[in-house]
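Atoms within each ligand, like the ligands themselves, are counted from 1 in listed order. Worth knowing before you read on, the calculation uses all heavy atoms, side chains too, and leaves out hydrogens, waters and symmetry mates. Counting from 1, the numbers follow the sequence of the chain as shown.
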Amino acid sequence: MALVEISNLSKTYQTGEIVISALKNVSLEIEAGSFVSIVGPSGSGKTTLLNLIGVLDQPSSGSIKVAGKEVSQLTNRQRAEFRGDHLGFVFQNFNLIPVLTVYENVEYPLIMVKNESAAKNRDLVRGLLDAVGVLDQQFKRPHQISGGQMQRVAVARALVTRPKLVIADEPTANLDHDTAFKIINLMKEMKDQWHTTFLFSTHDPKIIDEAEIIYTLEDGIIKSRQDRRSK
Ligand code: ADP
Ligand code: MG
């Protein structure tokens, strides 16, 4: 069974009289342990698709199964619970909490959803900060570190609840090319080390090559699926 199974997924947005078909009958599967990218120009439906897989939004029609559970019809509360149990997120703007230190930002999801002891949390948080290369920054606040370091912290934060799937919507859009490349490779390392599936979107052709599976979206339709593992 695939970790994500989508069939005939459609999403339309209505603003007044204007109806936009952001996704049209999309079907795809994401295997556990894979490193998958959704690629496409601005407006092609990447964020819409990731928000649906991330159980943040509901489709207009079609089915989405994540970790074996049909998530398209859940209530707001059930969706929030499902995200807390199974998913991690990395954002384009890093979305760190400015008043918290690097360490506290990574610890935060644990305090929200898990009931482990402080000592166990500390080992996990420090281990992750070390793995992403920012343990020496742990007492700083987000404004005192670089964009690349902020995104490293965000990757650690996304992994701290040990999610099955990490979803990253254009995680490198605010980074220079070298840093973007390093962040994508960091995610790949984390995927192997933490046995987490990663799904990220980008419109940057230079980093697409790093993905194992590439879905190309165009105007709400999956135009192609490339599997680079066999090469
Ligand atoms: P991408 O992330 O690839 O840029 P999006 O999923 O954000 O694409 O958008 C796909 C299409 O849906 C675009 O035409 C966009 O304008 C439209 N859209 C996205 N979100 C909304 C919304 N909340 N309300 C109305 N239209 C939206
Ligand atoms: Mg987008």
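Side-chain contact between Thr196 and Phe198: present, with at least one pair of heavy atoms (C-beta onward) separated by less than 4.5 Å.
In this comparison of Ser21, Gly220, Gly43, Pro41, the heavy atom closest to atom 10 (C) of ligand 1 sits on Gly43.
Between Arg79 and Asp57 there is no salt bridge, since no side-chain N of the basic residue sits under 4.0 Å from a carboxylate O of the acidic one.
In this structure, Ser44 has a heavy atom closer than 4.0 Å to ligand 1.
Hydrophobic clustering (ILVMFWY, side-chain heavy atoms < 4.5 Å, transitive): Ile145 and Leu128 are in one cluster. If you chain together hydrophobic residues whose side chains sit under 4.5 Å apart, Ile183 and Ile38 never meet in one group. In the hydrophobic cluster analysis, where Ile, Leu, Val, Met, Phe, Trp and Tyr join through side-chain heavy atoms closer than 4.5 angstrom, Val55 is grouped together with Leu49. In the hydrophobic cluster analysis, where Ile, Leu, Val, Met, Phe, Trp and Tyr join through side-chain heavy atoms closer than 4.5 angstrom, Leu3 is grouped together with Leu56.
Counting only heavy atoms of the protein, atom 8 (O) of ligand 1 lies nearest to Gly45 N, 3.1 Å. For atom 5 (P) of ligand 1, the closest heavy atom belonging to the protein is Thr48 OG1, 3.7 Å. Of the protein's non-hydrogen atoms, the one nearest atom 7 (O) of ligand 1 is Thr47 CB, 3.7 Å. Scanning all protein heavy atoms for the shortest distance to atom 19 (C) of ligand 1 gives Tyr13 CE1, 3.3 Å.
Short contacts between ligand 1 and Ala22, defined as distances under 4.0 Å to a heavy atom of the residue, involve ligand atoms 10 (C), 11 (C), 12 (O). Annotation for ligand 1: atoms under 4.0 Å from non-hydrogen atoms of Ser42 are 4 (O).
Summarising the geometry of Ser34 relative to Glu212, their closest heavy-atom pair is CA-OE1, 3.6 Å, with the distance given to 0.1 Å.
In terms of N/O distances under 3.5 Å, ligand 1 is not approached by Ile20.
Residue contact annotation: Thr48 places no N/O/S atom under 2.8 Å from the Mg ion (ligand 2).
Under 4.0 Å from ligand 1, the heavy atoms of Thr15 that appear belong solely to its side chain.
Note that atom 27 (C) of ligand 1 has protein non-hydrogen atoms nearby, at separations under 4.0 angstrom.
In this structure, Phe91 and Phe89 have parallel ring planes: the angle between them is below the 30° cut-off, well short of the 60° mark.
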